[in-house]
Trainee: 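I'd like to ask some things about the structure below.
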Amino acid sequence: MATERTRKHQSKRKNGGNLNGLYLVISVVLILAVILGGSIVFFKINAIEVEGNVHYTEEEIVDASGVNLGDNLLLTRDTTVVARLLTQLPYVSSVTLSHKLPDTLVITVAESDAQAAIYDGSGSWWLMDSNGKLLELLGSGTDSTSDEEAASGDLEPEPEAEEADTSEAEPSSSGVEPEAETVEMPDPPEGYPYITGLTLYLPEAGSVIAVEENGERSQSLMLESLLNLLPAFQNRGLLEDVVSIDLSGESEIIVNYQNRLTIKLLQDEDYDYKAKLILGVLEDYVDATWEDGDTGTLDMTFSNGNPRLTKD
């Protein structure tokens, strides 16, 4: 009898413990539901502040972020917002999101500055930063009629073209195929060092420049050299006085400095060290001894690494 009573007592205690555990779980779930419901109701975004913007207006940044007034402040995914801004706004280089409780989202952006203009090889110039990111398409070498002009009806209709002769063209007497029409390079934009000699592959605002390989020379190595040279010159204060950079050579990079000095460099070198040497030559020789109007060449392609300065 005592044993049976003990078993019944233990069973009641066990059932009571299970009920207490169930009540605890239900209580926790209810508390979390209340907290979540409260966050949804009380933490709505009622204001968005933008800081650090230069190239873009506050409205443009807010629109690109995809965040709307009324969205939940705590449930807004920072990574998604940052990715949208970096993708849609090429000049934006970094984004930081912060919250001002109870209802304000702060978007802080850092923007890139255009450091050079690069010719894409097919009629257009692009602004880029020193890391090779394309920021803006500037212009094309081919004229085109805008949709607005075409829709205005002000333009006179062009005469109908004569029906093309579909018969097989006779081969030229020389047996040489006619060359493909080349696109004339427009004048480079003012105010930026301009870069020529590369053929860009599918250039797009916001992307880092890539090149096409034509089999004749390594444009990839030339591009890599350019992306190392630009920040090195920028860090040494030289880039702002560079007029042009020619990358069309097999292995040489030709830099026009102040329309005064032609600097010859080899690709794939330590350009920070080279920039340091250039500064020394400028200070000790060009600026110190040359007269206004003097021009010359600074050749840094010798195997011993020593620069050679000659005056024209």
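Keep in mind that this is a model prediction, so the values were computed, not measured.
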Trainee: Could you check if a side-chain atom of L238 sits within less than 4.5 angstrom of a side-chain atom of V255, using non-hydrogen atoms only?
Mentor: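 Not in contact.
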
Trainee: Which atoms form the tightest heavy-atom contact between A232 and D272, and what is the distance?
Mentor: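 Heavy-atom minimum between the residues: CB-N, 3.6 Å.
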
Trainee: Heavy atoms only: give me the nearest K264-T297 pair and the separation to one decimal.
Mentor: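 Taking every non-hydrogen atom into account, CE-CG2, 4.2 Å.
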
Trainee: According to side chain to side chain contact (heavy atoms under 4.5 Å, CB included), who are the partners of D284, at least two apart in sequence or on a separate chain?
Mentor: none

Trainee: Looking at V109, V95, V92, T87, which hits side chain to side chain contact (heavy atoms under 4.5 Å, CB included) with V82?
Mentor: V95

Trainee: If I compare all heavy atoms of E250 with all of Q267, which pair ends up nearest, and what's the gap?
Mentor: O-NE2, 3.8 Å

Trainee: Taking the side chain as every heavy atom from C-beta outward, state whether P188 and Y119 have any atom pair closer than 4.5 Å.
Mentor: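 They are not in contact (no side-chain heavy atoms under 4.5 Å apart), so the answer is no.
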
Trainee: May I ask you to test the K274-D270 pair for a side-chain heavy-atom distance under 4.5 Å?
Mentor: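 Side chain of K274 against side chain of D270, heavy atoms only: no contact under 4.5 Å found.
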
Trainee: Just how far is it from atom CG of L138 to atom CG of L127, taken to the nearest 0.5 Å?
Mentor: 4.0 Å

Trainee: Counting heavy atoms not belonging to K311, are there more than 12 under 6.0 Å from its NZ?
Mentor: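 More than 12 within 6.0 Å, yes.
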
Trainee: Does a side-chain heavy-atom distance below 4.5 Å link L230 with Q115?
Mentor: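 Heavy-atom side-chain distance check fails, nothing below 4.5 Å.
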
Trainee: Do W290 and L309 have side-chain heavy atoms sitting under 4.5 Å apart?
Mentor: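 In contact.
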
Trainee: Taking CG in N304 as the centre, count heavy atoms belonging to other residues, nucleotides or ligands within less than 6.0 Å. Is the count above 12?
Mentor: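 Count over threshold, so yes.
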
Trainee: Between the side chain of Q234 and the main-chain N/O of L239, is any donor-acceptor distance below 3.5 Å?
Mentor: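 No: the side chain of Q234 does not pair with the backbone of L239.
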
Trainee: Between S94 and L86, what is the shortest heavy-atom contact and its length?
Mentor: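 Nearest pair, atom of S94 first, then L86: N-CD2, 4.0 Å.
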
Trainee: Supply the atom-to-atom distance N46 CG to L69 CG, rounded to the nearest 0.5 angstrom.
Mentor: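 So the gap between those two atoms works out to 7.0 Å.
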
Trainee: Provide the closest heavy-atom pair for R84 versus G66 in the form atom of the first, atom of the second, distance.
Mentor: NH1-CA, 3.5 Å

Trainee: Measure from the side-chain N and O atoms of S244 to the backbone N and O of Y194, and report whether any donor-acceptor pair falls under 3.5 Å.
Mentor: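 No: the side chain of S244 does not pair with the backbone of Y194.
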
Trainee: With the side chain counted from C-beta on, respond yes when V211 and M222 share a heavy-atom pair under 4.5 Å apart, and no when they do not.
Mentor: no

Trainee: Going from CG on L229 to CD1 on I195, what distance comes out if it is rounded to the nearest 0.5 angstrom?
Mentor: 8.5 Å

Trainee: Are D287 and R260 close enough, and set up right, to give a salt bridge (Lys or Arg N to Asp or Glu O under 4.0 Å), and what steps lead you there?
Mentor: CA-CA 11 Å; D287 295 337; R260 188 182 194 190; 3.8 Å; yes

Trainee: With K100, which residues qualify under salt bridge (Lys or Arg N to Asp or Glu O under 4.0 Å), at least two apart?
Mentor: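 K100: salt bridge (Lys or Arg N to Asp or Glu O under 4.0 Å) contacts with E49.
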
Trainee: Evaluate the criterion side chain to side chain contact (heavy atoms under 4.5 Å, CB included) for residue pair Y56 and V62; output intermediate values, then yes/no.
Mentor: CA-CA 10 Å; Y56 302 107; V62 172; over 6 Å; no

Trainee: Any chance you could measure L261, atom CG, to I278, atom CD1, to the nearest 0.5 Å?
Mentor: 8.5 Å

Trainee: Of all heavy-atom pairs between W126 and L134, which one has the smallest distance, and what is that distance?
Mentor: CB-CD2, 3.7 Å

Trainee: Which value, rounded to the nearest 0.5 Å, describes the distance between L265 atom CG and T301 atom OG1?
Mentor: 8.5 Å

Trainee: Taking atom CG of D129 and atom OG of S93, what is their separation to the nearest 0.5 Å?
Mentor: 8.0 Å

Trainee: Applying side chain to side chain contact (heavy atoms under 4.5 Å, CB included), run through N53 and T57 and close with a yes or a no.
Mentor: CA-CA 7 Å; N53 55 308; T57 65; 5.5 Å; no

